[in-house]
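The structure under discussion appears below in the form of structure tokens.
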Amino acid sequence: MARAIMLQGTGSDVGKTVLVAGLCRLAANRGAAVRPFKPQNMSNNAAVADDGGEIGRAQWLQSLAARTPSSVHMNPVLLKPQSENGSQIIVQGRLFGQAKGRDYQRLKPELLGAVLASFEKVADGADLVIVEGAGSPAEINLRAGDIANMGFATRAGVPAVLVGDIDRGGVIASLVGTHAILDEGDRAMISGYIINKFRGDVSLFEDGIRAVEGFTGWPCFGVVPWLSGAARLPAEDSVVLERLARGGAGALKIAVPVLPRIANFDDLDPLRAEPDVELVFVRPGERLPADAALVILPGSKSTISDLADFRGQGWDRDLHMHVRRGGRVIGICGGYQMLGRIVHDPLGIEGGTLEMPGLGLLDVETEMAPEKTVRNSQARSTEYDVPLAGYQIHLGVTHGPDCVRPSAMIDGASDGALSADGRIMGTYLHGLFGSDAYRARLLQSFGLSGEQRNYRDSVEQALDEIAGELERHLDPRWLAGLFG
């Protein structure tokens, strides 16, 4: 059986995902066969695994860091929120059903079997499995039936390392408080802790380390600095959007309305990395900027509901003004569906609203259907005649007169639509802007130099930088024991 370690956090967004990715890259650089695993993830940023099916985008990134093909078993339970208290449930890559919060709690014991089976598959043939928890084990109100943190760790016999975020403050209290409220069995699973996101002189925290050890008996495995390379990694979930209000000032302003159920918004990361682009995430209560050259409608987990919210913000009027001024629009997946005349949902797949008028910028209409398209795809842009590579995750079929001008050919079939004047474009292809040649040609169409940059190389470099930082700042004895 492979060695395994589990990183759990004192809270959400303490940096577990990046630490797991960095440790995977560090282990891979040392020649170990390492694989990531997350029992349960909640995110609308999904990826299509190499063996087919949906997993969290973070586990796709971690598999890239580990230099191993991604698998649905790396994230056996994926929750995709589609309402205030309900989520779509993906199990081992496939749609399992839908449940509200209380109903899902009753399902968890049933899902534990799938989690443990997937863990065995991931561990088979590996030297090391690095497991990421979800939220915090301190949420003891959710301990019964837990599959994401200590429920998994105790059943699988995987020791845990607790991660505390010093940047948000109160890290000593969060570590000591977690120790205090865990029961004896769960507490015994924790072998030590890591301080993450430290800024400044680490010697100033030596008294803090002694204090934590005095209260808990846990050793400190390292104090990790603020990892600048993390900003160059694909975004994991909507928490990140709170920090992405605006990119650096650039020659080209691109506006992105932040919808309540925004999905796969890491599509935008390659544009955010461009030095001549200012990417503006427009919050509820704000207006679409009048000086934006391009508006991108991103993916959505609930097209009809987000379309209603889009109108409620008055963004429909802003968008039509933008088009009248000569601005351009790109809609991806759910954003593409919104651009049409109407969205039909006769079976009520998304909820109680069975029909919603679209924004009317493309002469197409969409009908939701229970069959879900989930696949990685090779494509070609019809606008710029350059290759594309990405993935599709969507419900619904879109058709109409503007589809005679497809925006791309995907796996040999036409996809998407272009308006007659070419200023409005829709597509079901996620990962569009990650195609370097397409991104360069798009920027050139706005008068920029459009120098072709390799986005994937920048992600790989960031992973190597993070691995190097972890090697410098984590206890070498702990790393030696971990990697064998």
Side-chain angles (χ1 to χ4, degrees), residues 43-46 57 231-303 305-323 325 327-339 358-359 361-362 390 394 407 416 423-435 438-439 442-443 445-446 448 455:
S43 177
N44 277 331
N45 259 15
R57 198 75 185 154
R232 305 204 307 277
L233 299 181
E236 179 196 4
D237 57 39
S238 57
V239 174
V240 177
L241 285 172
E242 299 301 319
R243 300 191 296 270
L244 296 181
R246 185 179 294 270
L252 178 68
K253 181 175 287 188
I254 300 175
V256 181
V258 179
L259 304 167
R261 294 153 197 90
I262 188 172
N264 297 87
F265 54 83
D266 61 318
D267 280 341
L268 304 161
D269 287 343
L271 289 173
R272 186 165 59 92
E274 289 287 342
D276 292 331
V277 168
E278 180 183 359
L279 195 63
V280 180
F281 290 89
V282 184
R283 311 282 176 187
E286 300 175 349
R287 303 290 300 274
L288 297 183
D291 56 344
L294 172 65
V295 174
I296 298 176
L297 272 59
S300 167
K301 186 65 194 67
S302 186
T303 299
S305 178
D306 273 352
L307 184 53
D309 281 315
F310 191 94
R311 281 200 173 88
Q313 294 295 327
W315 287 339
D316 55 334
R317 297 187 295 273
D318 291 348
L319 188 63
H320 281 274
M321 284 291 294
H322 165 81
V323 172
R325 288 192 296 265
R328 290 164 58 179
V329 182
I330 294 176
I332 300 174
C333 200
Y336 167 37
Q337 294 172 340
M338 293 180 200
L339 289 175
L359 298 171
L361 293 176
L362 284 174
H394 68 89
S407 57
R423 292 193 291 118
I424 316 296
M425 188 271 267
T427 181
Y428 276 117
L429 187 69
H430 291 288
L432 178 74
F433 304 119
S435 300
Y438 175 86
R439 192 173 66 257
L442 175 69
L443 298 182
S445 73
F446 285 97
L448 302 182
Y455 175 68

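The first residue of the sequence shown is numbered 1, and numbering continues consecutively from there.
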Task: Check against side chain to side chain contact (heavy atoms under 4.5 Å, CB included), L268 and F281 - done: CA-CA 10 Å; L268 304 161; F281 290 89; 3.8 Å; yes
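- Here CD of Q337 is found 11.0 Å from CG of D306. Values are rounded to the nearest 0.5 Å.
- Side-chain contact between Y336 and L362 is present, with at least one heavy-atom pair separated by less than 4.5 Å.
- Formation of a donor-acceptor pair under 3.5 Å by the N264 side chain with backbone atoms of A46 is found in this model.
- For S302, the side chain to side chain contact (heavy atoms under 4.5 Å, CB included) partners at least two apart in sequence or on another chain are R261, S305, E350.
- Minimum interatomic distance between R232 and Y455 (heavy atoms only, all atoms of both residues): O-OH, 4.3 Å.
- Taking CG of L339 as the reference point, atom CG of L319 lies at 7.0 Å (rounded to 0.5 Å).
- One N or O on the side chain of H320 and one on the backbone of L359 form a donor-acceptor pair closer than 3.5 Å.
- Distance check, rounded to the nearest 0.5 Å: CG of L432 to CG of L271 gives 8.5 Å.
- Tested against R57 for a side chain to side chain donor-acceptor pair (under 3.5 Å), the candidates D266, N44, N45 yield a single pass: D266.
- Two residues are said to be in side-chain contact when any heavy atoms from C-beta on lie closer than 4.5 Å; D276 and L252 fail this criterion.
- The two residues L288 and D318 come nearest to each other via the heavy atoms N-OD2, 3.1 Å.
- Residues D309 and L259 fail the side-chain proximity criterion, which asks for heavy atoms closer than 4.5 Å.
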Please table the atom pairs, donor to acceptor, closer than 3.5 Å between any side-chain atom in residues 328-335 and protein atoms at least two apart or in another chain.
unit_1, atom_1, unit_2, atom_2, d
R328, NH1, S445, OG, 3.0
R328, NH2, Y384, OH, 3.3
R328, NH2, S445, OG, 3.3

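- Classification of the W315-F310 ring pair by plane angle, with boundaries at 30° and 60°, yields perpendicular.
- Within the model, atoms CG of D316 and CE of M338 stand 12.0 Å from one another, a figure rounded to the nearest 0.5 Å.
- Applying the side chain to side chain contact (heavy atoms under 4.5 Å, CB included) criterion to R325, with sequence neighbours excluded, gives A290, M321, H322.
- The shortest non-hydrogen separation linking D267 to F433 is O-CD1, 3.4 Å.
- Taking every heavy atom of both residues into account, G426 and S407 meet most closely at O-OG, 2.8 Å.
- In this structure, Q313 contributes its side chain and G285 its backbone to a donor-acceptor pair below 3.5 Å.
- Remark: the backbone N or O of G416 is not paired with any side-chain donor or acceptor of T427 at under 3.5 angstrom.
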